Student: 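Mind looking over this structure? Questions follow.
Here the structure is a predicted model, which means the values were calculated and not measured. Position 1 is the first residue of the sequence; numbering continues from there.
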Amino acid sequence: MTIEEPEDAQSERDPAQLGLRQVSDARTMRALAHPVRIALIEQLSMGGAMTATEVGELIGESPTTCSFHLRQLAKYGFVEEAGGGKGRARPWRMTSVGMQVSDTHDSPEAQIAANALIQLIRERAMRRYQTWLETKATYPRRWQEAAMENEYVAYLTIEELEQLNDELMAMLVPRFRGRLTDPSLRPPGSVPVEMLMISYPIGPPPPGTSDGAR
């Protein structure tokens with residue numbers, strides 16, 4: 001999620017260059033690992049500034065519940081008041097385009113917190129995917145055909161996997177990032193489209209290699 005294409009692989013993986021908030025400490029990850037808070041972040045990221053009442057209507061929670069969790073998110077620097085309004089009529093907005101959660105930690109405490117947060121986020125995404133499968137027939141045929149479901153297995157080195165991920169991010173992110181934060185950039189007929197890119201080895205690296213077990 002970046003406005004300009006990164007100049008090198010390091011910047012492609014740099015959350016600051018991508019406009020993302022880096023989340024790595026256990027305390028912050030535990031604070032985020034709540035379904036209401038993740039739902040609030042999702043809605044504010046896509047819909048812009050909203051009041052507790054407005055966002056509550058979208059996620060099916062009361063204004064009181066949303067106000068509490070918005071204040072907690074503000075405490076950790078994820079949201080801020082957008083200005084105007086009082087009490088529950090105050091609009092809130094994201095302080096960054098999104099976040100990047102570190103999934104590898106030396107601290108067991110941080111690793112447990114990261115796994116819980118990532119699992120929560122991925123489960124929400126998979127539920128949206130399941131909803132798509134269940135409601136796909138209600139969409140126009142062209143939208144049904146445009147949506148893609150593919151699975152590939154390829155033999156890659158660690159360097160090739162890093163390069164492939166960098167190339168995919170560099171291709172997708174700069175092109176569409178601005179539309180997330182600026183509705184005026186969204187062309188007529190556009191809708192939010194979720195793309196899940198997950199790459200992982202399904203076997204251990206060979207012993208004796210530079211990045212394998214010794």
Side-chain angles (χ1 to χ4, degrees), residues 1 15-16 18-103 105 107-136 138-139 176-184 186 190-196 198:
M1 298 179 180
L18 301 176
L20 303 177
R21 162 82 178 273
Q22 176 71 43
V23 180
S24 58
D25 67 285
R27 184 168 178 263
T28 301
M29 289 187 289
R30 286 197 301 269
L32 277 175
H34 190 289
V36 173
R37 294 175 190 176
I38 295 300
L40 290 171
I41 287 175
E42 290 171 349
Q43 291 300 326
L44 292 178
S45 295
M46 292 190 298
M50 283 182 274
T51 66
T53 299
E54 291 170 336
V55 72
E57 291 176 352
L58 294 175
I59 68 173
E61 296 289 346
S62 70
T64 301
T65 297
C66 290
S67 291
F68 170 77
H69 288 292
L70 284 166
R71 290 195 299 272
Q72 291 301 305
L73 289 172
K75 176 181 176 181
Y76 288 90
F78 288 96
V79 304
E80 63 184 4
E81 293 185 27
K86 296 181 180 179
R88 294 173 189 165
R90 294 175 297 174
W92 296 84
R93 65 187 175 195
M94 293 290 297
T95 57
S96 62
V97 173
M99 62 182 174
Q100 182 179 84
V101 180
S102 299
D103 59 358
H105 300 267
S107 162
E109 180 186 17
Q111 190 64 62
I112 292 172
N115 289 345
L117 176 57
I118 292 170
Q119 182 176 346
L120 173 61
I121 293 172
R122 290 292 167 257
E123 285 177 349
R124 291 181 61 83
M126 293 311 296
R127 283 199 295 270
R128 288 190 291 272
Y129 173 65
Q130 185 62 38
T131 298
W132 156 251
L133 292 179
E134 294 171 354
T135 62
K136 181 177 179 179
T138 67
Y139 283 74
F176 301 111
R177 178 193 181 242
R179 298 181 184 181
L180 185 64
T181 55
D182 187 352
S184 68
R186 301 169 192 170
S190 64
V191 300
V193 173
E194 185 166 32
M195 303 182 69
L196 299 177
I198 305 173

Student: Minimum heavy-atom separation for Arg93 to Ala49, with atom names?
Tutor: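 Minimum heavy-atom contact is CB-CB, 4.1 Å.
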Student: Which pair of non-hydrogen atoms, one from Cys66 and one from Glu61, has the smallest distance, and what is that distance?
Tutor: SG-CB, 3.8 Å
Student: Within a reach of under 6.0 Å around CZ of Arg179, are more than 12 heavy atoms found that belong to other residues, nucleotides or ligands?
Tutor: yes
Student: Name all pairs fulfilling the salt bridge (charged side-chain N to carboxylate O under 4.0 Å, His left out) condition that reach into residues 38-50, sequence neighbours left out, sorted by first residue then second.
Tutor: Glu42-Arg124, Glu42-Arg128
Student: The test is side chain to side chain contact (heavy atoms under 4.5 Å, CB included); show your working for Met94 and Met99 and say whether it passes.
Tutor: CA-CA 10 Å; Met94 293 290 297; Met99 62 182 174; over 6 Å; no
Student: Between His34 and His69, how do the two ring planes meet: parallel, tilted or perpendicular, split at 30° and 60°?
Tutor: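 Geometry flag for His69 against His34: tilted rings.
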Student: Are the side chain of Arg37 and the backbone of Ala31 linked by a donor-acceptor contact shorter than 3.5 Å?
Tutor: yes
Student: For residues Tyr76 and Arg27, determine if any side-chain heavy atom of one lies less than 4.5 Å from a side-chain heavy atom of the other.
Tutor: yes
Student: Give me the atom names and distance for the closest heavy-atom approach of Met29 to Ser24.
Tutor: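 Looks like CE-O, 3.3 Å.
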Student: Output a table of donor-acceptor pairs, distance under 3.5 Å, between side-chain atoms of residues 112-122 and any protein atom two or more places apart or on a different chain; print 'none' if there are none.
Tutor:
unit_1, atom_1, unit_2, atom_2, d
Asn115, OD1, Gln111, NE2, 3.1
Asn115, ND2, Gln111, O, 3.3
Gln119, NE2, Glu123, OE2, 2.9

Student: Are any non-hydrogen side-chain atoms of Leu40 and Leu73 less than 4.5 angstrom apart?
Tutor: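 Yes, their side chains come closer than 4.5 Å.
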Student: Got a donor-acceptor contact below 3.5 angstrom from the Thr135 side chain to the Thr138 backbone?
Tutor: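 No, the answer is negative, given that no donor and acceptor are paired below the 3.5 Å cut-off.
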Student: Could you tell me whether a side-chain N or O of Thr95 sits under 3.5 Å from a main-chain N or O of Phe78, the two making a donor and an acceptor?
Tutor: yes
Student: Might you work through the side chain to side chain contact (heavy atoms under 4.5 Å, CB included) test for Glu81 and Trp92, ending with a clear yes or no?
Tutor: CA-CA 5 Å; Glu81 293 185 27; Trp92 296 84; 3.9 Å; yes
Student: What I'd like to find out is whether the side chain of Arg186 reaches to under 4.5 Å of the side chain of Phe176, using heavy atoms alone.
Tutor: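 No, their side chains stay 4.5 Å or more apart.
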Student: List the residues meeting side-chain hydrogen bond (donor to acceptor under 3.5 Å, both in side chains) with Ser62, not counting sequence neighbours, and say none if there are none.
Tutor: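 Here the qualifying residues are Thr65.
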Student: So, do Arg90 and Leu70 sit near enough that their side-chain heavy atoms are less than 4.5 Å apart?
Tutor: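 Result no, sub-4.5 Å side-chain heavy-atom pair not found.
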Student: Can you measure from CD1 (Ile38) to CD1 (Ile59) and round to the nearest 0.5 angstrom?
Tutor: 11.0 Å
Student: Which pair of heavy atoms, one from Met46 and one from Leu180, lies closest together, and at what distance?
Tutor: CA-CD1, 4.2 Å
